[in-house]
Undergrad: 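Structure incoming, see below.
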Amino acid sequence: MCAYILLMGGPRNQTHCPGIKSTMLYQLKNELAWDDSDWGSWDNPEAKEDSSVSAPWLQDCVVSLSPCSDLMVVAKDHKAVFLSAKWRTDDGGREEMTLAVSWSGTLILTLSVCLSVCLCLFRSSTGRPDWTCIVVGFSSGYVRFYTESGVLLLAQLLNEDPVLRLKCRTYEIPRHPGVTEQHEELSILYPAALVTIDGFSLFQSLRACRNQVARAAAAGSEVVHPPPLAYKKWGLQDMDTIVDHSSVGIMTLCVFDQMKNASILGGFHASVKGSPPAMSQYITVGGGPYTGFYYAIEGSSQPLLSHVALAVASKLTSALFSAASGWLGWKKQSEEEPPQKQKPKVEPATPLAVRFGLPDSRRHGEFICLSPCNTLAGVTDDFGRVTLLDVGRGIAIRMWKGYRDAQLGWVQVSEGRGERESSPSAPLPRRHAQFLVIYAPRRGILEVWGTQQGPRVGAFTVGKHCRLLYAGYRLMGVNSVTSQGWLLHTQQVCLFDPATGALRTVTVPFHLALSDKKSERAKDMHLLKRLTTLLKSREALESLLANKNAPVSCLTNITRVLLASLKGQDPEAVDEVLFQMCSSQLKLLHYIQSSKRQANAELSATLTNLESRTTLLFSLVPHPPLPFQMEVAGIEEELARVSPTLQRYAELTSGSHPSVSFAQDSPDASLPVQSFLSQMECEGEEIRVVMKTRTHTQHKDTFLFWGCLTGESPLQKVCNTLQKTGISPQQLLSLLLSVWLHREKEVLKKTEAVRHLHTLLTALSSMKGAVEESWDMQCVSPWWQQVRSACVQSHSSAAALLAAIVAHRARVNTHTLAHTHLYSEWEAVSLELEQWAVCVRQLEDVLSLQTLLCVPPPQGTPGSATPHCSVKALLEGGRGGIADSVAKWVFRQDLAPERLKDMLQRRGEAESTGHVCSCVPPELLVSVCQRFPDSLSPDLLFAHCCWEYVVQWNKDPEEGRYLCWAVEHLKLVSSPHIQLGISSMMWNTFIVKCFSAAAFLIEKVGKAPKDRLCRRDVGMGDCAMTSFLGSCVQLLQILMEADSGVEEVTPPELCVEEVWGGAEGPASIAELALEQKGVHYPLVQHHYLLASLLHTAMTFSLRVKPLSLFDSKGKNAFFRELSSIQLMPSGDMDPGLVSLRQEFLLRVLTGWVTTQREAVEGPGSGDKTWPSLCLDLGLLLQVNPDLLRRHLVCELYNQGLDPRAEQVEDKDVLGSQLLVLTGQRLSYSLLHTQTQTRPAMELLARLPPTLCTWLKAMDPSELGCPSVPLSQTSRLVSRLIEILPENHGQYSLALHLLEAVEALQGED
């Protein structure tokens, strides 16, 4: 089955004659992804000999198309395929609409599909379809509603008989006053019943079901079954068989017809109501009678809602039974019994008798199709007739014969906006014409007939196995209010051909319905035919030139004959556009032929040279120099100046990463003639080159000029041939520069290409129309401005620089030869020369910068694709574009800030020596900085590097090193004004959000949070958050220092180089930094204090609520704008808060001493800045620093770090705590050692009783390091006696301790 079908437009693409529009796409090679063994054979045994005719597999399937032609459903048995409209681009680059498989599968496992129909629901804003609902009827009587993705929305059993037909009636705007407004309705036909569902309630229910299904899918819960639909059910009587129906809608009889019907049905004494009742009209076809007309008076049947009552009663019964089972102890037993599914109850139908019909005992109707205006209907029967019915009168008004198995559809066309609406009086209403479309599959013909008695206006030969698809309704969900100002989608008639996979749309113009022979549209038919003939001739020539199999000689001969034929005709009767097209295409074909002859001649010459190479080797006769060698003699100095950079650039670009390319995309691939001609457009006598894609342009450039640049083709001959084709010199110059700039690697390898480029530029400049003869030499030449524009826009830096140098020399030579007599003794100075000097200098700078950017990053670094820059990109990047490019290079190279600082220091050394070698990356950077002394000043470069690293950290917060290096780069900025601005920008843009999240998280947890919580709330792990808080401390410290220094230093002046003064674009980071507001120093210090507390809590894993260490004023001041004035804490703090702060700082010192002990035992040395930081924090937090120093000394002695303690200890420290530490050490040595020595026991017996009792009361378990050498303990006691005054209460105890330690040390 063909799964890709072209979808053409509807009535908008009307032509002047009825037609079928179609374009074949391609056949889907893969079959449907299901087991199709039970579908039967889709091959027609009788048609096996004719491969062009498809088997009639489509006749066994149910096919339905949405009214917007954006969804097709193909179903058979219990399987279905949904095809949705999608855009695709064909090989020619044209956008086309196709129908592709969007869903396929089984709708239900046990029941077979009977019919399906698509309902396209509206979107409230534009009137376009919002989504499509697929309604499917089953042989069990069920009707199910699905989404485009096959999700079941609603299912309901309406009758126990098979569903025969599903039809829909949508809202139509009343065309004339007095016409009854028709409402939406879905009708379902059963063998003996007709069910109708109101469209408004159906639309609301389906929309609610779709929303509920979407919510359930998002939440992962079960779908709640919606309540059943309300419907009306009629039992159709007085007909033997019914196979199809049409719901005409609500109608109201006139008074005469009402009286007539009453008298016929009720007799002479029948009573007539005052107002005629509204009735719903239904027409059925089948047998006995052949056609039946039913009328149901509105209000005679109420909607059936017994399903709702049954569902409510069932839920109430189960709820009461569940409660009673719980009371009586039956709950367990009832839970074990599975509930039995109850079969839905089917409501009886309301009898509805046939009013009248068209009796024909032998004729059986097969299909009925109602017209869009609900006034006519087409009926097919088993006799091969098509009958046209007048729905209002109930009579047959026309019949066609010879249409067995016919399929019908209607086309309604509105009159164009013409004279009827522009009349001076009241505008006349627009007329509408209706055409009946009949498809006769037995004859393979499609006919269009005018109604009611109109002629056949069109006939088309089509396949014999097609399907005519006609929805018969529009968008659903529209009413009289929402339809105002909307262009409703027209009901289209489409023909689906399974043999070609094409979907054709039938389009009929309105004027074919006019019977007036004086119609202005009919008068123009002769002119239309003539125009069509001319278009066909032009189209024939275009089709011939686009043929891929036609040789060049054949195309040339045909075009020459056609041109000669046009020249022999009357000039007034010849199409001028066709004549110009033939002339220009013939010139191009001549050029292609000459190019091929030239290539063959070159090949023959090459073979001849190979045969006589021995003779040529011994031929030493000197040849005179070529003319272009003397012309290029003036650029040796410039080439020598840029030669080292060019060589380094070529080395870096030649080792690029390998890539995959296709042979057809290679610029050296052969260019077909058809592709070359398709890229040329004729505009009068001039040929314009069409720039399609980069691949096509590159092929064309290579085809024209690459042979000349490599020296394989004669340059002057090629230029003369190109000039004869009619292509403008400007177009040729653009193509030449394109191939030169886009094949940079080959150009750098071929040194002779520079000479050939100079020759080509000189030859093109001498063409007629290149450089205007009246051009003033003191003005800017458009010709050379085109060269400069191409060079400054190109990302091929080396090729652009070479092209600019060569073009500059070619311009100077041309100017010198033309005006030698004017400037023989004076040096010419003009705006043109000044622009050339600026352009060459800019390209040299860009080449130097691009060479630096091409340096590959080291292994293991976060490298990326090499950026490409151009003069235009740098000018548009603003004054900071150059520094930004170098900063990105610094990041890719993973250069540490100190390393970058050392490299920039070489810049001064190189400037003093005047020699720079650009061979290695450090010297390359120095060389670039020398070319941009202002744009790459140290402060600007460090500022941009700082910003680049903080941007990269924001992308990956786990890399805390990026933020650390950003702060380090910021420290290297010497200007406090730039430091202050960048610090504020970093804080407001990237830092404060994560900083506040970290503070609130630690406050919530009350301790250092785990890794999972950090990732959830802050977006980074616990280690990364610790590094982040440390960087915040440094950033705020830089901010405070910069704020203190801005008053002492004047703001710096930001300058750029003279040639780059025209840069326009975003402001640089330094410019933005200088525009930032100042900060409020106390508020910055307040945040610095919080950042330090958070960092210490994370570093030492302490339990603390950091925000609880501040009062209400301090809490409210956090996370505000640093430039705002906030109410800060002042005066003495609450003693309770001071106590909490003191306890926290003491735990910080304890944690640091513990890490120092681990550092002594391990390989590390530990961080020694924490004690001073705690003392500084103590001053800010109003904590006594003496208390902190005492605690630090005690903790150091406690951990056995006596040398560290002696460095911190001073005279003001109380000695009682040290006395206790000494007693604990001595108690451990004498009483608590596992192996006590005899001398120690004897010493313990000789000690004074007071000292012995005091030692026994000591607890050595409180010591962090009890095993300390006696020498350290002896030194501690000596210092202790020096500290304690003689009148101290424990001075004598200290003396006894000294004696005991000395005695114990003497024993050892």
Side-chain angles (χ1 to χ4, degrees), residues 595 599 602 628 632 635 639 642-643 645-672 675-676 679 689 691-715 718-719 722 727 731-761 763-764 786-807 810 843 846-847 850-851 853-854 865-866 868-872:
S595 300
E602 291 173 1
F628 62 80
V632 190
I635 67 173
L639 291 178
V642 300
S643 178
T645 307
L646 285 173
Q647 182 179 0
R648 179 59 176 164
Y649 177 80
E651 293 174 358
L652 292 174
T653 54
S654 61
S656 58
H657 297 287
S659 59
V660 178
S661 61
F662 298 94
Q664 60 268 24
D665 296 334
S666 174
D668 295 326
S670 60
L671 180 66
S675 300
F676 178 77
Q679 299 175 40
V689 180
M691 301 296 181
K692 292 186 176 181
T693 61
R694 179 58 236 157
T695 304
H696 290 86
T697 306
Q698 192 170 356
H699 281 291
K700 178 169 66 269
D701 305 344
T702 304
F703 175 73
L704 293 177
F705 290 110
W706 184 244
C708 300
L709 292 174
T710 57
E712 299 174 358
S713 302
L715 282 69
V718 170
C719 292
L722 287 174
I727 304 177
Q731 294 267 342
L732 295 176
L733 178 62
S734 176
L735 295 175
L736 173 61
L737 294 176
S738 176
V739 67
W740 176 268
L741 296 174
H742 286 91
R743 304 196 68 169
E744 184 184 53
K745 293 182 180 180
E746 294 90 336
V747 165
L748 294 178
K749 295 178 182 179
K750 299 179 181 295
T751 56
E752 70 279 1
V754 177
R755 299 196 306 270
H756 299 322
L757 176 64
H758 182 273
T759 306
L760 281 173
L761 285 176
L764 293 179
Q786 181 181 355
V787 180
R788 290 193 295 271
S789 299
C791 292
V792 299
Q793 295 178 12
S794 174
H795 292 281
S796 302
S797 306
L801 177 59
L802 291 175
I805 293 176
V806 172
L843 289 172
V846 170
L847 177 61
Q850 186 63 56
T851 305
L853 299 181
C854 289
T866 301
H868 295 279
C869 59
S870 63
V871 176
K872 181 180 179 182

Undergrad: Taking the side chain from Ser738 and the backbone from Ser734, do they hold a donor-acceptor pair closer than 3.5 Å?
TA: no
Undergrad: Are the side chains of Ser870 and Val792 in touch, meaning some heavy atoms are under 4.5 Å apart?
TA: no
Undergrad: Measure the NE2-CG distance between His756 and Leu736 for me, rounded to the nearest 0.5 Å.
TA: 12.5 Å
Undergrad: For residues 791-800, which residue pairs pass the salt bridge (charged side-chain N to carboxylate O under 4.0 Å, His left out) check, not counting sequence neighbours?
TA: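 Residue pairs passing salt bridge (charged side-chain N to carboxylate O under 4.0 Å, His left out), neighbours aside: none found.
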Undergrad: Can you list the residues that meet the side-chain contact (heavy atoms from CB on, under 4.5 Å) rule with Leu843, with sequence neighbours excluded?
TA: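 Leu843: side-chain contact (heavy atoms from CB on, under 4.5 Å) contacts with Cys791, Ala800, Leu801, Ala804, Cys839, Val871.
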Undergrad: Could you go step by step and tell me if Leu735 and Val739 meet the side-chain contact (heavy atoms from CB on, under 4.5 Å) rule?
TA: CA-CA 6 Å; Leu735 295 175; Val739 67; over 6 Å; no
Undergrad: Which atoms form the tightest heavy-atom contact between Leu757 and Ala803, and what is the distance?
TA: CD2-CA, 4.0 Å
Undergrad: For Glu744, check side-chain contact (heavy atoms from CB on, under 4.5 Å) against everything at least two apart and list the hits.
TA: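 Checked Glu744 against side-chain contact (heavy atoms from CB on, under 4.5 Å); matches are Tyr649, Leu748, Ser796, Ala798, Ala799.
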Undergrad: Where do Cys854 and Leu652 come nearest, in terms of heavy atoms and distance?
TA: CB-CB, 3.9 Å
Undergrad: How long is the gap from CD on Gln786 to CG on Leu733, to the nearest 0.5 Å?
TA: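 Gln786 CD to Leu733 CG: 4.5 Å, rounded to 0.5 Å.
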Undergrad: CZ of Arg648 to OG of Ser643: how many Å apart, nearest 0.5 Å?
TA: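 Between Arg648 CZ and Ser643 OG, I get 14.0 Å after rounding to 0.5 Å.
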Undergrad: Can you name the side-chain contact (heavy atoms from CB on, under 4.5 Å) partners of Gln793, sequence neighbours left out?
TA: Ser789, Lys872
Undergrad: Do Glu746 and Arg743 pass the salt bridge (Lys or Arg N to Asp or Glu O under 4.0 Å) test, and can you show the C-alpha distance, the side-chain angles, and the key distance before you say yes or no?
TA: CA-CA 6 Å; Glu746 294 90 336; Arg743 304 196 68 169; 3.5 Å; yes
Undergrad: According to salt bridge (charged side-chain N to carboxylate O under 4.0 Å, His left out), does anything in residues 790-800 pair up with another residue at least two apart or in another chain? List the pairs.
TA: none
